[in-house]
2 protein chains.
Amino acid sequence: MRDGNATHTTTGPANGSGRAAAREAMRERILDAALTLLARDGFAGFGVNAVAREAGCDKVLIYRYFNGFDGLLDSLGARLDIWLGPEDSDGVSGHYGSVMRSVLQDYLRALRANNLVKQILAWELVQDDDATRRIGKAKGDAIGRWFQGVRQRSGPPPAGSDAAVLNAVLIAAAHHLALRENSSGDFMGLDLRDPNCWARIEAVFNTIITGAYGAPDGTEDPP
Amino acid sequence: MRDGNATHTTTGPANGSGRAAAREAMRERILDAALTLLARDGFAGFGVNAVAREAGCDKVLIYRYFNGFDGLLDSLGARLDIWLGPEDSDGVSGHYGSVMRSVLQDYLRALRANNLVKQILAWELVQDDDATRRIGKAKGDAIGRWFQGVRQRSGPPPAGSDAAVLNAVLIAAAHHLALRENSSGDFMGLDLRDPNCWARIEAVFNTIITGAYGAPDGTEDPP
DNA sequence: TTTATAAGTCACCGGATGGTGACAGTCAAT
DNA sequence: ATTGACTGTCACCATCCGGTGACTTATAAA
């Protein structure tokens, strides 16, 4: 349905001007507005009217270009390939615990700096309709991509450790603390607005990983 | 402002009938309806109209009895003294790690069984107005009460461990996983609807606590 | 018994939402 | 140049929201 105008633009101007270019520019403007709005105000009040208002156009264009709000969310998910930015810890390899420490630290810092991902994480916790399932699918794949390289760069995790569950527990804690940083700003007496607090959190993460997967100098955990 | 009718009911019928009893009964019905609605449908669409519809009365009573929706939330917070039920691990005492293991396990199970608390936790992550701050204050106090007895029953945590941050990390993970159980039902490939999955999660929690605080037989963590 | 106060019901207001139809301007193909 | 399809704008609809005033009925005090 997207190439409904292909019969006319095949011989038209290549790019930069013309109707097809204007249409594509407006599509991009709407998508940008939706991302900006979602990252800034969250999904409360996130709808056709708000996106159109942010984009400075009429909401009828959303229905014409994206087939309504659901279609806009689909196109939005396809645009969310960036998510958490470049994987900084791609170069690290070696001991499983070392790689995991590095990946988790980079992930936590990238997550805290990315308001859009935080808003979508919170959105998934509240809504469970197909709208969030569409977006959440793309996000889950991106997060998996962050951690799927750990095995390749480090070999399998030490035997006897439930690595899948332990990693999930650590990331779950990272998610929750990052979300609380944006909402109330504190959690169980911890001041999540204080950078020093996050240094302590990272230290605890490192301690847990070291205790489970051993130190980088070959010291495994005791049986 | 609540005892505005005290001048008339001091000599009236003690209880069971009369206008004051009817008013109190209707107040309770509204509060019950609000709790039921919040636990069932969450805070999406949680408002004056929805509560009145659930209670089967007119919404003007909410304004007359509670001074609007904010007052209703206040009265709701005062009613949330139960929260997570009885502290089952009150009897456990001894080693810090043992007490912590028991308390965290009971807390996780009580949290998973309590839909109302889960909804409020999710609500806090999204909204940050004074409405949720009021409710969240009572909740934070109740959670603190769960864990404040650990020190009394076990003495201080082992030196060198950042117990405050570690406990916060574990509870943050418990919160996030419990919330994902209700929303999408999975997290990083883990099937949170499978009871066996939760057994593995509890095992990982135990492993982490044992690694940080030592085993109950006096084995401390290596320096 | 009379009367003032309260309970409960109904209708309304302004504003916001999602969604649609009608209209004027504009570009491209004929 | 004429025609037709498309873009963008405006107005409108039904529905929901929070909030308020007016009204009828029942209770409790005088």
Side-chain angles (χ1 to χ4, degrees), chain A residues 1-30 33-34 37 41-73 127 129-131, chain B residues 1-30 33-34 37 41-73 127 129-131:
Chain A
M1 63 181 69
R2 180 176 307 177
D3 48 1
N5 53 359
T7 56
H8 293 286
T9 55
T10 43
T11 57
N15 200 1
S17 72
R19 280 235 282 252
R23 177 195 183 99
E24 213 54 34
M26 182 56 93
R27 268 184 64 103
E28 291 263 335
R29 238 176 73 191
I30 294 176
L37 195 64
D41 303 336
F43 55 89
F46 185 61
V48 183
N49 293 296
V51 171
R53 212 179 304 128
E54 177 79 18
C57 70
D58 200 276
K59 59 181 173 180
V60 78
L61 299 184
I62 297 178
Y63 291 96
R64 283 220 271 255
Y65 292 165
F66 301 96
N67 257 334
F69 197 65
D70 291 355
L72 174 65
L73 290 182
Q127 296 275 116
D129 50 4
D130 52 349
Chain B
M1 65 180 67
R2 180 175 307 176
D3 48 2
N5 53 358
T7 57
H8 293 286
T9 55
T10 43
T11 56
N15 200 0
S17 72
R19 280 235 283 251
R23 177 194 183 99
E24 213 55 34
M26 182 57 92
R27 266 183 66 101
E28 291 264 333
R29 240 176 70 190
I30 293 176
L37 195 63
D41 302 336
F43 55 90
F46 184 61
V48 183
N49 293 297
V51 170
R53 213 179 303 130
E54 177 77 19
C57 70
D58 200 275
K59 61 180 172 181
V60 78
L61 299 184
I62 296 179
Y63 292 95
R64 283 219 270 256
Y65 291 166
F66 301 96
N67 257 333
F69 198 64
D70 291 355
L72 174 64
L73 291 182
Q127 297 274 117
D129 51 3
D130 52 348

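Keep in mind that the numbers below use all heavy atoms, side chains included, and drop hydrogens, waters and symmetry copies. Remember, it's a predicted structure, so these values are computed and weren't measured experimentally.
- Between A/F66 and A/L72, the closest heavy-atom pair is CB-N, 3.6 Å.
- Taking atom CZ on B/R27 and atom P on C/dA6, their separation rounds to 16 Å, with Å as the unit.
- Atom C1' of nucleotide D/dT9 and atom NZ of A/K59 are separated by 13 Å, given to the nearest angstrom.
- Remark: B/R53 is in phosphate contact with D/dC17, judged by side-chain N or O atoms under 4.0 Å from OP1 or OP2.
- Between A/R64 and D/dG8 there is no side-chain N or O to OP1 or OP2 distance below 4.0 Å.
- For A/N49, the side-chain contact (heavy atoms from CB on, under 4.5 Å) partners at least two apart in sequence or on another chain are A/R53, A/K59.
- Atom CG of A/D58 is separated from atom P of C/dA24 by 16 Å (rounded to the nearest Å).
- A heavy-atom distance below 4.0 Å to DNA chain C is reached by these residues of residues 42-49 of chain A, ordered by number: A/G47, A/V48, A/N49.
- A close approach under 4.0 Å does not occur between any side-chain nitrogen or oxygen of A/Y63 and OP1 or OP2 of C/dG18.
- Summarising the geometry, the separation between CG on A/L61 and P on D/dC6 is reported as 15 Å, rounded to the nearest angstrom.
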Could you spell out the base pairing of DNA chain D in dot-bracket, with Watson-Crick or G-U pairs whose two distances are under 3.5 Å, [ ] crossing and | to another strand?
-> ||||||||||||||||||||||||||||||
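- The two residues B/Y65 and B/R27 make their nearest non-hydrogen contact at O-NH1, 3.1 Å.
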